[in-house]
Amino acid sequence: MGKYYLTTAIVYVNDAPGLHFVYEQIGADALARFHRQRGDEVFFLTGTDENGTKIDRAAKAKGEQTRPFVDALAARYQEVARLYDVSFDRFIRTTDADHVEGVQWFVKRWIENGDVYEATYEGLYCVSCEAFYEESDLVDGKCPIHTPRATIERLSEKNYFFRLSKYQKALEDLYRANPDFCVPDFRRNEVLGWIERGLKDVSVSRRGLDWGIPWPGDPQQTVYVWFDALINYATGVGFGSNAALFKKFWPADVHVIGKDITRFHCIYWPAMLLAAGVELPKKVHVHGFLQYRGQRLSKTSGNMIDPFAAAQEWGADAIRYLLLRQAGFTTDADVSPEIFTNRYNADLANNLGNLAQRTVTMIARYREGRIPEPRKGGSAELREVAQRVSRAHDAAASRLAFDEALASIFELVDATNRHYDRTKPWTLARTGPPEDLDDALYSAAEALRLIAHLLWPYLPQATTKIATALNTKLPGPGSAEQWAKDSSWGRLLPGNPLRSSAVLFPRIEPLEKVAT
């Protein structure tokens with residue numbers, strides 16, 4: 001059994017959660033479940049970023065104290081994660097005591113290594129990003145990410161600086177030796193462009209901010225929120241507090257992030273680790289944005305889809321599938337209530353749901369509700385499709401191409417529905433040899449069992465219901481040996497009684513609007 005440590009970006013808690021936040025967690029959760037199912041010991045970290053200027057201002061703008069403000073929002077983010085069955089092992093908050101202590105230990109290592117100095121910063125700062133920008137980065141004088149709503153402030157204050165320029169060659173060597181450190185490749189090319197233009201030292205503290213982690217030895221300064229936040233990937237598995245846990249799971253196998261924070265994760269973070277003498281993560285996977293009506297879903301833009309309303313309209317389990325099938329996990333993708341409903345009805349209600357319902361119903365009708373005995377394992381054609389689909393799915397899921405992974409599974413769904421159209425069990429029940437009917441029904445039921453196991457990382461609730469109806473082993477975490485058995489053809493036991501099942505995905509008629 002191997003170890004697998006993955007993280008999402010931690011979300012800034014200055015406002016209520018949106019569906020775009022859940023999207024990243026769902027993708028990471030599918031990956032975590034995929035590895036657990038195949039026998040890896042997984043540690044999955046997600047959480048909330050609760051320090052910095054923007055949060056302090058957001059609380060004061062609502063007339064609230066900052067601590068109760070972030071406590072309430074952090075609870076709301078945990079609630080939505082649980083609603084969508086996000087199986088995190090830790091939900092870290094950057095106000096957690098072990099994180100605060102771990103960040104200070106991390107910064108002390110920079111100081112001891114001579115990588116920090118004091119200087120006056122004068123430059124451009126976007127409060128929405130909590131990020132500094134060069135003049136050339138701006139779009140019409142505004143933040144390139146938050147145009148047109150966010151304004152840029154010009155700051156001049158005495159800060160501590162991190163010697164990022166010192167690690168220019170080390171980062172060049174990193175990407176030369178390990179081109180897959182940042183994927184997909186077009187994101188890596190962006191990072192290489194930034195590095196080639198030359199790295200400048202960066203401010204890593206803020207002066208006069210009450211809400212943040214105090215700088216070691218200087219209570220007038222707080223650790224700049226982005227550097228504080230990045231260090232959560234180490235403190236979340238014990239850096240500075242639990243040496244055994246940290247040794248077990250570090251380095252991270254993959255950081256899952258959005259494309260707007262690539263520079264921080266692919267330039268600043270590896271340099272920070274090198275300065276602290278900590279091993280680098282293995283990979284950073286960068287996904288695109290969800291878009292609604294051509295505009296990015298985000299709190300800053302105000303273009304939002306409420307994840308609680310979405311779960312009520314389509315079901316949280318279904319939204320997991322709809323997001324990853326529609327958006328994949330690499331490029332920008334459009335979502336909307338209309339897109340969700342059309343795909344829900346086509347893929348889940350009419351295709352998968354209908355397959356499950358007709359399989360259980362026909363076995364109940366023609367074989368008294370018991371799995372029939374097939375000849376020679378049933379349909380060779382379906383067995384070959386199942387084996388090919390399983391290989392294709394695993395290859396795609398391993399590189400987080402979830403749209404491709406799900407499309408491959410639905411090849412087996414389609415093939416099984418065609419199997420019914422070809423064999424016509426309803427006709428065989430009247431005129432065909434009993435053995436032909438047994439073969440037809442067993443093969444479809446066995447294909448459905450395999451579909452449930454392959455789909456479990458994406459649809460944990462629905463696939464558990466399918467396995468329960470088939471009265472077979474539930475999909476879920478296991479060992480490599482168990483997965484080899486579960487993913488092989490012919491595991492359904494002839495004579496096993498089926499259980500009654502409800503409709504998995506009732507068809508949805510015209511919906512109420514949940515986007516705001």
Side-chain angles (χ1 to χ4, degrees), residues 37 321 325 346-348 350-367 369-397 404-429 431-459 462-463 465-475 482-496 498 501 504-505:
Q37 192 177 46
Y321 170 84
R325 182 67 179 90
D347 293 4
L348 299 181
N350 297 346
N351 205 347
L352 176 63
N354 183 55
L355 173 63
Q357 190 70 22
R358 72 197 302 200
T359 298
V360 173
T361 299
M362 283 194 285
I363 292 177
R365 180 179 302 163
Y366 302 133
R367 287 297 178 260
R370 292 182 179 274
I371 299 293
E373 177 84 50
R375 293 172 300 189
K376 299 180 180 179
S379 169
E381 180 178 342
L382 267 187
R383 182 169 62 248
E384 187 279 327
V385 173
Q387 292 169 345
R388 174 174 55 79
V389 159
S390 183
R391 292 191 299 269
H393 167 268
D394 284 13
E404 296 178 28
L406 286 165
S408 67
I409 297 172
F410 271 72
E411 288 182 30
L412 182 56
V413 176
D414 293 339
T416 308
N417 277 316
R418 289 195 301 272
H419 165 81
Y420 273 134
D421 296 337
R422 184 178 65 254
T423 59
K424 295 180 172 56
W426 48 90
T427 300
L428 291 174
T431 63
E435 294 84 357
D436 288 353
L437 179 60
D438 290 341
D439 275 357
L441 294 177
Y442 180 89
S443 299
E446 176 62 1
L448 182 61
R449 182 194 69 82
L450 285 168
I451 288 164
H453 280 270
L454 288 169
L455 277 176
W456 175 75
Y458 316 98
L459 288 163
T463 53
K465 291 176 182 177
I466 291 172
T468 298
L470 293 174
N471 196 14
T472 188
K473 180 183 180 296
L474 297 179
Q482 185 61 55
W483 175 247
K485 294 177 182 178
D486 292 341
S487 60
S488 61
W489 182 269
R491 300 294 294 171
L492 277 179
L493 296 176
N496 211 30
L498 302 191
S501 63
L504 288 179
F505 299 104

Novice: Can you list the steps and then say if N354 with N350 is a side-chain contact (heavy atoms from CB on, under 4.5 Å)?
Specialist: CA-CA 5 Å; N354 183 55; N350 297 346; 5.5 Å; no
Novice: A445 and L470: which non-hydrogen atoms are nearest, and at how many Å?
Specialist: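 Scanning both residues completely, I find the closest heavy atoms to be O-CD1, 3.8 Å.
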Novice: Any chance you could lay out the salt bridge (Lys or Arg N to Asp or Glu O under 4.0 Å) test for R383 and E446, step after step, and finish with the verdict?
Specialist: CA-CA 9 Å; R383 182 169 62 248; E446 176 62 1; over 6 Å; no
Novice: Indicate yes or no: does E411 engage R388 in a salt bridge with an N to O separation below 4.0 Å.
Specialist: yes
Novice: Heavy atoms, side chains only, cut-off 4.5 Å: are H453 and W483 in contact?
Specialist: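 A side-chain contact under 4.5 Å exists here.
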Novice: R325 vs D347, test: side-chain contact (heavy atoms from CB on, under 4.5 Å). Steps then yes/no.
Specialist: CA-CA 10 Å; R325 182 67 179 90; D347 293 4; 4.1 Å; yes
Novice: Checking side-chain contact (heavy atoms from CB on, under 4.5 Å) for the pair L352/Y321: CA distance, chi angles, key distance, verdict?
Specialist: CA-CA 12 Å; L352 176 63; Y321 170 84; over 6 Å; no
Novice: Ignoring hydrogens, what is the shortest heavy-atom contact between Q37 and P475? Give both atom names and the distance.
Specialist: NE2-CB, 4.2 Å
Novice: Nearest 0.5 Å please: distance from the CG atom of L437 over to the CD1 atom of I363.
Specialist: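 Spacing of CG (L437) from CD1 (I363) equals 9.5 Å.
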Novice: State plainly whether the residues D439 and K376 are in salt-bridge range, i.e. N to O under 4.0 Å.
Specialist: no
Novice: With heavy-atom distances below 4.5 Å as the criterion, would you say the side chains of L459 and L504 are in contact?
Specialist: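 A side-chain contact is absent here, since even the closest heavy-atom pair is not under 4.5 Å.
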Novice: Locate the shortest heavy-atom distance separating A469 from V360; write the atom from each residue and the value.
Specialist: CB-CG2, 4.1 Å
Novice: Going by heavy atoms in the side chains, are M362 and L441 under 4.5 Å from each other?
Specialist: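 Yes, their side chains come closer than 4.5 Å.
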Novice: Mind checking whether L412 and L382 have side chains closer than 4.5 Å, heavy atoms only?
Specialist: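 Yes, their side chains come closer than 4.5 Å.
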Novice: Give the minimum heavy-atom separation between T416 and A447, together with the two atoms involved.
Specialist: OG1-CB, 3.4 Å
Novice: Is the shortest side-chain heavy-atom distance between P494 and P372 below 4.5 Å?
Specialist: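 Not touching, per the 4.5 Å side-chain cut-off.
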Novice: Give me the atom names and distance for the closest heavy-atom approach of A405 to A397.
Specialist: CB-N, 3.9 Å
Novice: Is any side-chain heavy atom of R367 less than 4.5 Å from a side-chain heavy atom of Y442?
Specialist: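 R367 does not reach Y442 side chain to side chain.
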Novice: Does K485 reach the main-chain N or O of Q482 with its side chain, forming a donor-acceptor pair under 3.5 Å?
Specialist: no
Novice: Among N471, T472, L450, which residue meets the side chain to side chain contact (heavy atoms under 4.5 Å, CB included) test with L492?
Specialist: T472
Novice: Under the 3.5 angstrom rule, does the side chain of R449 hit a backbone N or O of D486 as a donor-acceptor pair?
Specialist: yes
Novice: Measuring from atom OG of S408 to atom CG of L454, what distance do you get when rounded to the nearest 0.5 angstrom?
Specialist: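 Going from the OG atom of S408 to the CG atom of L454 covers 7.5 Å.
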Novice: Does a donor on one side chain and an acceptor on the other come within less than 3.5 Å for T359 and Y420?
Specialist: yes
Novice: Go through the steps to decide whether I451 and F410 satisfy the test side-chain contact (heavy atoms from CB on, under 4.5 Å), and finish with yes or no.
Specialist: CA-CA 8 Å; I451 288 164; F410 271 72; over 6 Å; no
Novice: Between CD of E435 and CG of L428, what distance do you get to the nearest 0.5 Å?
Specialist: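 It comes to 11.0 Å.
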Novice: Considering only heavy atoms from C-beta outward, does the side chain of D436 approach that of T423 to under 4.5 Å?
Specialist: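 Answer no - side chains too far apart.
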Novice: For W489 and A386, indicate whether the former's side chain and the latter's backbone hold a donor-acceptor pair under 3.5 Å.
Specialist: no
Novice: Determine the minimum heavy-atom distance between L493 and I371, stating which atoms define it.
Specialist: O-CB, 3.4 Å
Novice: Taking C-beta and beyond as the side chain, do H419 and S443 meet within less than 4.5 Å on heavy atoms?
Specialist: yes
Novice: Do the charged groups of R375 and D438 touch, with an N to O distance under 4.0 Å?
Specialist: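 Judged by the 4.0 Å cut-off on N to carboxylate O distance, R375 and D438 do not form a salt bridge.
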Novice: Are H393 and Y458 an aromatic pair, judged by ring center distance below 6.0 Å?
Specialist: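 Yes, ring centres under 6.0 Å apart.
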